[in-house]
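Please read all numbers here as calculations on a predicted model, not as lab measurements.
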Amino acid sequence: MNTLHRTKSGLFGLLAYMTTSSTWADWELNLTQGVTDISRDVYDMHMFVLWICVWIGVVVFGAMTYSMIKHRKSKGSVPAKFSHSTLAEVIWTVIPFGILVTMAVPAANTLVRMEDTSDSEVTVKITGHQWKWEYEYLDSGVRIISSLDPDSRQAAALNSGIDPNTVDNYLLEVDNPLVLPVDKKIRFVLTASDVLHAWWVPEFAIKKDAIPGFINDMWTKIDEEGIYRGQCAELCGRDHGFMPIVVHATSESEYEDWIQAQLASAEAEAQSADREWVMDELMERGEGVYGTYCVACHQPNGQGIEGVFPSLVGTDMVLNDLDGHIDVILNGVEGTSMQAFSTTLNDADIAAVVTYERNAWGNDTGDVVQPATIKDMRVQ
């Protein structure tokens, strides 16, 4: 608005300001058409109902305005004496009924199509965790964890000193996006491990709850390659705003290449977990794991937030209780915000972050935790 005050004044200035393209983008009110057949059907249904509402508004308010002007007291109009009209009652019952049926038929057809997950070509299981998404490609065995990207997480940390406006796609970027092929019918099965979540991508016009102990499903078929962003649409806890969704829609060949790369990476990861790691390797990897999964609560300096999240600096568990430290990361702490990472982090990641926490910020215990140790504790 400063530009407005410097250049124009009054209503003319306001209109001139609002006709700039950037301002219109900021004031966009309508739905987008999206990149799927369903999203376009939803958009068309929305516009159809909108214009019906506009027509009803014009007729009703037009009749009211005409009546107030035509039959006002100053013109000598005398109120009618009848108490009701059967014809009027039939008209204002039949017309709304016809309008509702006109809207209900296409709406029902769209809803039926939205729920039809048959004949899918790719199936992805989505599991909501506080506060990240787990994607498992059931056709290929690929599994990834998608969390808020490190740049956004660092900017969101208490007293970070980072201006969120300098972070691209702040709170809307992830470290591992969901990769999907275009022109394929993709079925999603949804559940959650802890509380209610909801997976929502506006450009696909799909949103459904992820419920612990329950399986929901939905589907999409993406027409255009690109990056599409969404968010958890259910208030799932303190960090609800920190679990975005990013989908990379690619060609079928690029999707297959990505699947093969993920399988190869998983195989290499499994092999590397069986070897002996040195301190420097574990510290470097652990710092990355900590920055992705732990820094929001325990802060970059490990001090936590007094009365909310415990410090990891100089505490008895970190300095003396190695097994307890590993158990907390594997299984979480019931009744607190400390979640279990046994299903979301692999043995090497947990070994690395435990090593990092026990040797960072002056703790200097000298403990070097191997992935094999984590593997053994999982089966106890």
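The side-chain contact (heavy atoms from CB on, under 4.5 Å) test with I259 singles out one residue from V122, D139, V179, V142, and that residue is V142. Each of I186, I38, V35, V42 was checked for a side-chain contact (heavy atoms from CB on, under 4.5 Å) with F204, and the lone residue meeting it is V35. Shown are I206, T123, T117, D217; of these, the side-chain contact (heavy atoms from CB on, under 4.5 Å) with F188 is made only by I206.
Going from atom CD of E136 over to atom CD1 of I144 covers 11.0 Å, rounded to the nearest 0.5 Å. In this structure, the separation between CG on D151 and CG on D175 is 11.0 Å, given to the nearest 0.5 Å. Atom OH of Y170 sits about 9.5 Å away from atom CG of D163, to the nearest 0.5 Å. Rounded to the nearest 0.5 Å, atoms CH2 (W131) and NE2 (H240) are 11.5 Å apart. In this structure, L322 CG and M317 CE are separated by 10.0 Å, a value rounded to the nearest 0.5 Å. Rounding to the nearest 0.5 Å gives a distance of 12.0 Å between CH2 of W199 and SG of C232.
Scanning both residues, Q339 and F341, for their nearest heavy atoms gives O-CD1, 3.5 Å. Of all heavy-atom pairs spanning V353 and V289, the tightest one is CB-CG1, 3.9 Å. Heavy atoms only, all atoms of each residue included: P150 and T292 are closest at CG-OG1, 4.4 Å. Annotation for V328 and M338: closest pair O-CE, 3.7 Å, computed over non-hydrogen atoms. S152 and V167 get closest at one heavy-atom pair: OG-CG1, 3.9 Å. The nearest pair of heavy atoms linking W277 to R285 is CH2-NH1, 3.2 Å.
By the neighbour-count criterion of 12 heavy atoms within 6.0 Å, atom NZ of K207 is sparsely surrounded, having that number or fewer from other residues, nucleotides or ligands. Counting non-hydrogen atoms of neighbouring residues, nucleotides and ligands closer than 6.0 angstrom, the CD atom of E284 reaches no more than 12 such neighbours. Few gaps surround NZ on K208; more than 12 heavy atoms of other groups in view lie less than 6.0 Å from it. The number of heavy-atom neighbours closer than 6.0 Å to CD of E252, taken from other residues, nucleotides and ligands shown, is 12 or below.
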Open item on the list: Between R229 and E173, is the salt bridge (charged side-chain N to carboxylate O under 4.0 Å, His left out) condition met? List the steps.
Closed with: CA-CA 8 Å; R229 304 181 189 277; E173 188 60 88; 3.3 Å; yes
Open item on the list: One pair to check against side-chain hydrogen bond (donor to acceptor under 3.5 Å, both in side chains): D41 and T110. What are the steps and the verdict?
Closed with: CA-CA 7 Å; D41 286 348; T110 300; 4.8 Å; no
TODO: Take L263 and E267 through the side chain to side chain contact (heavy atoms under 4.5 Å, CB included) test and state the conclusion after the steps.
DONE: CA-CA 6 Å; L263 291 173; E267 179 64 24; over 6 Å; no
Task: Derivation and outcome, side-chain hydrogen bond (donor to acceptor under 3.5 Å, both in side chains), residues H84 and E89 - done: CA-CA 8 Å; H84 70 276; E89 291 176 0; 5.4 Å; no
TODO: Apply side chain to side chain contact (heavy atoms under 4.5 Å, CB included) to the pair S140 and Q262, showing each step before the final yes or no.
DONE: CA-CA 10 Å; S140 61; Q262 294 299 308; over 6 Å; no
Open item on the list: Set out, in order, the CA-CA distance, both residues' side-chain angles and the distance that settles side chain to side chain contact (heavy atoms under 4.5 Å, CB included) for V174 and I245, then state yes or no.
Closed with: CA-CA 7 Å; V174 298; I245 299 160; over 6 Å; no
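A distance-only check finds a donor-acceptor pair linking the side chain of T191 to the backbone of F214 [under 3.5 Å]. Side chain of N301 to main chain of V313: no donor-acceptor pair is present (N/O by atom type, distance under 3.5 Å, no hydrogens or angles). The main-chain N or O of A198 is never found under 3.5 Å from a side-chain atom of D209 such that the two would form a donor-acceptor pair. In this structure, W133 contributes its side chain and I126 its backbone to no donor-acceptor pair below 3.5 Å. Not a single donor-acceptor pair under 3.5 Å links the side chain of K125 to the backbone N or O of E134. Counting only distance, with no hydrogens or angles, the side chain of H197 and the backbone of E234 share no donor-acceptor pair below 3.5 Å. With hydrogens and angles ignored, the 3.5 Å screen pairs no side-chain donor or acceptor of D376 with any backbone N or O of T373. T365 places no side-chain N or O within 3.5 Å of a backbone atom of L319 that could act as its donor or acceptor partner. With hydrogens and angles ignored, the 3.5 Å screen pairs a side-chain donor or acceptor of R72 with a backbone N or O of I69. Proximity of a side-chain donor or acceptor of T355 to a complementary backbone N or O of A351 within less than 3.5 Å is detected.
Under the 30°/60° scheme for interplanar angles, the aromatic rings of Y43 and H46 are found to be tilted.
Side chain to side chain, S39 and T36 meet the donor-acceptor criterion of an N or O pair below 3.5 Å. Judged purely by distance below 3.5 Å, without hydrogens or angles, the side chains of H325 and E357 pair a donor atom with an acceptor atom.
Clustering ILVMFWY residues whenever any of their side-chain heavy atoms sit less than 4.5 angstrom apart, transitively, puts V124 in a cluster other than the one holding W219.
Taking the centre of each ring, Y290 and W361 come in below the 6.0 Å mark.
Between D37 and R40 there is a salt bridge, since a side-chain N of the basic residue sits under 4.0 Å from a carboxylate O of the acidic one.
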